[in-house]
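Only one structure is covered here, and it is reproduced in the block below.
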Amino acid sequence: MPEPRLQDRLLHTGIEAMRGPLLFARNTRGVGLYESVEVLDVNDQARLGRVVAIDADNAVIEVFQGLDGLSLDETRIRFLGEPVEMDVGPRMLGRVFGGSGQPIDGGPRIVARDRQRIDGLAINPARREVPSEFIETGISAIDVMNSLVRGQKLPIFSGSGLAHDRLASTIARFVRLRGDQNEQFAVVFAAIGVTFDTAERFRREMDDYGALEHIALFLNLASDPGTERLLTPRVALTCAEYLAYSEDRHVLVILTDMTNYCEALREVSTSHEEIPSRKGYPGYMYSDLAAIYERAGRIRGRAGSVTQLPILTMPGDDITHPIPDLSGYITEGQIVLGRDLDRRGVFPAIDLLPCLSRLMPEGIGNGRTHADHPALARQLYTVYAQAQRLRLLSSVVGEEGLSPSDRIVLGFGTRMEERFLHQGSERRSLEHSMDIAWQLLAALPEEVLLRLSDEQIERQIRSRRANRTE
Amino acid sequence: MAEATVTWINGPVLRARRQGSFHIKEAVHVGAARLVGEVIALRDDSVTVQVFEDTTGLRPGDLVQGLGTGLVVELGPGLLGQLFDGIQRPLRALGELYGDLVPVGLSVPPLDRERAWAFRPVLEAGLAVPVGAVIGEVQETVGIVNRVLVPAAAAGTLEWIAEEGEYRIEEPVARTRSPDGIVQEIALLRRAPIRAPAPVGERFAPAIPLVTGQRILDTLFPVGKGGAATLPGGFGTGKTILQQTLAKWCDADIILYIGCGERGNEMASILTEFPGLTDPRNGRPLMERTVVIANTSNMPVAAREASIYTGISIAEYFRDQGYHVAVLADSISRWAEALREISGRLEELPAEEGYPAYLPSRLAEFFERAGRVTTLAGAEASVTVVGAVSPPGGDFSEPVSAHARRFARCFWALDRERAQARFYPAVHPLQSYSGYVDQLERWWQDRDDLHWRERRDRLLRLLEKQAKLERMAKIVGRDALPAEQRLVLACAEIGTEAILRQNAYSEQDAFCAPRKQVAMLRVLCHFFDQAEAAVARGIDPDALLTLPVVRKLQRMGEDIAGDDPESFRALQAEIDIAIAGLELPAEVESA
Ligand SMILES: Nc1ncnc2c1ncn2[C@@H]1O[C@H](COP(=O)(O)OP(=O)(O)O)[C@@H](O)[C@H]1O
Ligand SMILES: [Mg+2]
């Protein structure tokens with residue numbers, strides 16, 4: 001019953017039309033959905049593509065490297081009979097790859113231990129292990145208030161021009177697991193439509209840190225074809241999964257900038273003349289992004305893990321824009337950067353209120369970090385939110401319109417930004433960060449500290465007050 | 001069976017040229033891998049099919065085979081504690097056989113064929129048995145008896161019934177003969193179409209609450225057993241945690257948790273956590289009353305569309321046995337988006353925001369499957385539906401939120417600002433409502449010397465006044481408000497902390513029993529009375545806020561164990577002493 005394969009029509013001609021990144025081919029009987037193809041130009045240079053829709057005789061092909069320079073008559077297609085796949089094997093770390101996964105550093109080809117579909121099947125939820133190992137990032141606002149755990153997907157929502165790249169490379173350098181020294185860690189960095197500078201700066205920083213041999217870089221730069229951006233996060237994650245599940249490593253995947261990815265998705269969707277959903281983005285963008293983000297995680301019985309740190313710039317700093325909105329609905333929280341804090345020179349400029357780490361409850365507390373850690377985080381959030389509200393209020397009624405205790409809370413907000421949030425390039429241990437936070441809370445009247453139990457107040461607050469007055 | 005040949009494929013949908021007759025909603029197998037699909041449209045000789053599995057590699061020319069019946073769920077002992085995907089493939093068994101990824105074109109039956117169950121007949125041969133009559137029982141878990149009913153086609157005379165003993169689900173346990181002489185065998189295993197509601201006796205309005213143990217829900221916006229609620233909220237506002245909290249602690253007999261297009265880790269956390277949590281009613285693991293449907297965001301989109309029907313059909317199976325079932329669907333929006341995606345691939349004319357015009361009617365059909373009923377055998381039972389809604393940009397005016405609230409009488413609106421301040425549950429007390437308060441009042445009045453309604457309304461009114469006064473305070477400053485108004489603000493803040501806040505991770509306060517809720521509300525209202533009297537005496541309302549007893553009042557959920565009446569009496573006494581001890585403003589200021 002199997003259809004005749006296309007080996008006898010290896011070099012297929014009969015291209016009817018080209019539009020955007022799409023190529024419309026005739027007489028394609030026997031071609032399968034999502035089958036990968038090579039599109040050959042006059043000089044036999046191959047570009048990668050895949051079949052995205054078929055009817056009895058025709059196929060629509062997305063060409064990842066674009067159609068520039070191709071003609072209808074001289075272009076040929078080779079159908080590969082398989083979905084898009086990638087060779088994975090030893091010694092991928094320390095290497096630089098293009099946005100479609102091919103080595104571009106002049107080094108040897110990857111000796112394939114395995115060939116993997118780049119858009120893998122979904123992880124069976126019954127096989128997942130709930131991520132719960134706290135990772136110390138060295139950043140107070142993350143470690144104390146939005147803790148990251150191994151296998152989490154925690155994006156950075158940023159705005160154009162904000163220091164998200166610096167934050168990502170800081171985390172990549174700082175991350176370590178508490179207690180564990182001999183870690184098989186790795187970083188996979190996927191540049192998606194960013195400038196050469198951004199990618200190069202990251203590489204250099206990791207080099208200065210002597211960590212280059214732990215890193216695999218996948219580069220689709222701003223000047224590279226837009227459609228290729230659909231591949232880049234997928235090949236990077238395929239590499240990460242190999243490192244995690246075949247080499248037992250703990251892999252941190254940085255994807256920057258997912259906004260460029262989504263724009264490429266929109267562009268291709270428009271070429272298909274699909275009915276758009278919000279702001280012209282396709283209705284399936286949620287599912288498409290989920291297929292990327294859900295590749296983070298831990299699997300039962302496997303030693304390695306894939307942790308994702310996607311970065312996206314919110315168009316117009318608008319968190320309700322479909323790109324951050326759909327991402328936030330899929331990822332396990334978000335770290336949001338704020339322009340005001342950035343202007344005031346705070347680094348990292350983390351806007352605490354819209355931040356969230358959904359896996360934090362699993363990763364902190366008694367036996368994991370510190371028994372009082374959850375209450376501390378809740379208390380900080382409660383007072384900081386109050387301080388932000390009072391800040392707004394005082395901009396209308398003036399600080400004199402506030403009650404004395406409100407003024408104390410207002411001052412707490414500012415001090416928290418200066419002493420706790422701002423840390424420049426200092427790496428702080430969790431204990432250090434928590435200590436700063438307790439000190440700040442100790443300056444507040446007790447009726448504000450409703451999130452702390454009487455014992456916690458006794459243990460953490462009164463003792464510090466006593467020290468201070470001594 | 002009818003066959004067709006694939007002519008066109010676009011993502012999860014395909015068209016095929018038919019030889020033979022297909023019907024709408026007929027289940028089909030597609031291609032050599034026999035992917036599961038369903039007929040969604042017919043036109044001339046063309047059949048349109050949605051495929052519930054990854055379609056990578058399908059080709060024009062592949063075969064589509066009709067299966068003659070619609071998509072069905074398998075029902076029988078062995079459902080409890082299981083995890084299924086949107087088309088009821090058992091994910092644990094699949095994992096054991098095929099590894100870490102969800103396989104394509106492979107399946108195992110949802111229910112274990114080999115396991116034997118202890119069956120006990122309850123009727124004797126020779127009796128006339130109508131549809132829905134209970135003929136026997138299987139003790140499925142410690143808490144749940146699986147009642148074996150006479151299926152629709154098998155009413156008649158009970159000719160034979162098996163003796164007490166162990167039976168596998170496919171073995172017959174009874175035989176009936178219809179008045180026209182047709183003989184039917186009854187086994188523990190049965191099948192039901194997922195798209196159609198199962199028949200019931202009569203339907204009634206809800207009259208007893210589904211106790212959730214969440215104060216803001218039970219006390220302010222209660223849902224009745226057999227009612228429906230929507231739970232809209234932007235990302236991170238607490239929909240999933242609230243749904244999981246309901247799944248853990250609400251007083252339904254059976255929980256159907258449907259993870260529809262959401263995260264894999266959230267499903268994993270249910271599987272990890274529930275077996276270790278005990279059902280307070282029988283001391284058994286909570287997993288034993290729970291069935292989980294997991295079709296996560298990265299799993300095939302058509303199966304996501306099917307998942308809520310699979311879930312509610314299983315819920316109806318337990319309802320028909322006389323149980324109160326809660327269906328917790330997270331999230332209805334992802335289901336609607338699946339509908340939209342498939343409609344878009346078929347190039348149907350969209351209505352609002354790309355959603356097909358039939359979105360509201362499909363939503364209505366789904367929520368209509370909630371209800372308090374008598375079963376065909378006359379027992380009282382119910383299906384309660386709570387559907388989370390994930391509005392884009394947190395905007396509740398979008399189509400799914402707007403339509404869903406039309407069909408559910410409880411609206412539990414989650415508020416971003418509260419969530420950002422880590423005030424949980426972030427249910428907004430002024431945007432939310434319940435249409436069941438009048439019907440459920442009796443039940444609560446019986447538990448609070450007839451004052452429940454009055455106290456509940458008092459708290460709600462206070463919160464309304466607070467909102468108005470805060471707008472004023474924003475202009476003139478809080479200190480400029482008269483004492484009575486500052487008292488309102490102070491009381492509203494205290495009430496909010498004391499009653500509305502409830503930490504789902506707290507050992508003490510994750511669940512608050514009705515008796516404790518009533519006690520808390522009572523002592524809070526007592527405080528209001530005392531505070532009002534004090535302010536009338538000339539006490540400055542702001543002085544109330546710093547009283548040590550007020551801290552206790554605000555933390556009573558956490559700090560008072562259970563509903564120990566002694567602790568509440570002591571708290572009340574302490575309030576009286578503290579307020580009586582307040583001195584008049586002149587002296588307060590000089591201090
Ligand atoms: N009732 C609650 N008690 C304590 N924390 C909560 C509660 N509800 C939500 N949270 C916190 O908020 C986070 C996001 O909640 P979640 O239910 O996942 O949001 P949503 O499903 O609306 O996106 C959780 O990870 C948890 O930390
Ligand atoms: Mg959720």
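In what follows, chains carry the letters A, B, and so on, assigned in the order in which the sequence lines appear, proteins first and then strands, with residues in each chain numbered from 1.
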Testing the 3.5 Å rule here: is there a donor-acceptor pair between the side chains of B:Arg263 and A:Thr331? no
Working to the nearest 0.5 Å, report the span between [atom1] of [X] and [atom2] of [Y].
{"X": "A:Lys153", "Y": "B:Asn265", "atom1": "NZ", "atom2": "CG", "result": "5.0 Å"}
{"X": "A:Tyr329", "Y": "B:Ser331", "atom1": "OH", "atom2": "OG", "result": "7.5 Å"}
{"X": "B:Leu94", "Y": "A:Arg127", "atom1": "CG", "atom2": "CZ", "result": "10.5 Å"}

Taking [options] one by one, which has the highest count of heavy-atom pairs under 4.5 Å against chain B?
{"options": "A:Pro276, A:Ala290, A:Ala122", "value": "A:Ala122"}
{"options": "A:Val52, A:Thr382, A:Val51, A:Ile330", "value": "A:Ile330"}
{"options": "A:Asp57, A:Ile299, A:Val396, A:Ile292", "value": "A:Ile299"}

Relative to chain B, which segment of [X] carries a heavy atom at a distance below 4.5 Å: side chain, backbone, both, or neither?
{"X": "A:Pro374", "result": "neither"}
{"X": "A:Gln386", "result": "neither"}
{"X": "A:Ile54", "result": "both"}
{"X": "A:Asp406", "result": "neither"}
{"X": "A:Arg128", "result": "both"}
{"X": "A:Leu393", "result": "side chain"}
{"X": "A:Glu446", "result": "backbone"}
{"X": "A:Leu452", "result": "backbone"}
{"X": "A:Leu356", "result": "both"}
{"X": "A:Arg295", "result": "neither"}

Proximal component of [X], with respect to chain A [non-hydrogen, under 4.5 Å]:
{"X": "B:Pro392", "result": "both"}
{"X": "B:Leu83", "result": "side chain"}
{"X": "B:Thr296", "result": "side chain"}
{"X": "B:Leu14", "result": "neither"}
{"X": "B:Ser390", "result": "both"}
{"X": "B:Glu417", "result": "side chain"}
{"X": "B:Glu348", "result": "backbone"}

Mind listing the closest non-hydrogen atom pair of B:Ser297 and A:Glu294 along with its distance? OG-CG, 3.5 Å
For residues B:Gly393 and A:Arg278, report the shortest heavy-atom separation together with the two atoms involved. N-NH1, 4.0 Å
Could you walk me through whether A:Leu121 and B:Val102 pass the side chain to side chain contact (heavy atoms under 4.5 Å, CB included) check? CA-CA 6 Å; A:Leu121 297 169; B:Val102 180; 5.7 Å; no
B:Phe235 and A:Asp325: CA distance, side-chain angles, deciding distance, side chain to side chain contact (heavy atoms under 4.5 Å, CB included) verdict: CA-CA 8 Å; B:Phe235 62 82; A:Asp325 191 52; 3.5 Å; yes
Listed by residue number, which members of residues 282-289 of chain A have a heavy atom under 4.5 Å from any heavy atom of chain B? A:Gly283, A:Tyr284, A:Tyr286, A:Ser287
Under the side chain to side chain contact (heavy atoms under 4.5 Å, CB included) rule, what do B:Glu558 and A:Ser453 come out as? Steps first, then yes or no, please. CA-CA 9 Å; B:Glu558 294 265 351; A:Ser453 68; over 6 Å; no
Should the pair [X]-[Y] be classified as a salt bridge under the 4.0 Å nitrogen-to-oxygen rule?
{"X": "B:Asp54", "Y": "A:Arg117", "result": "yes"}
{"X": "A:Arg300", "Y": "B:Asp100", "result": "no"}
{"X": "A:Arg451", "Y": "B:Glu497", "result": "yes"}

Which residues share a ring pair (Phe, Tyr, Trp, His ring centres under 6.0 Å) with A:Tyr381, sequence neighbours left out: none
Side-chain contact, heavy-atom cut-off 4.5 Å: B:Arg551 with A:Leu450? yes
Main chain of A:Leu380, side chain of B:Arg422: is a donor-acceptor contact present, judged purely on distance under 3.5 Å? no
Test side chain to side chain contact (heavy atoms under 4.5 Å, CB included) on B:Leu101 and A:Ile123; report intermediate values, then the result. CA-CA 4 Å; B:Leu101 305 178; A:Ile123 299 176; 4.1 Å; yes
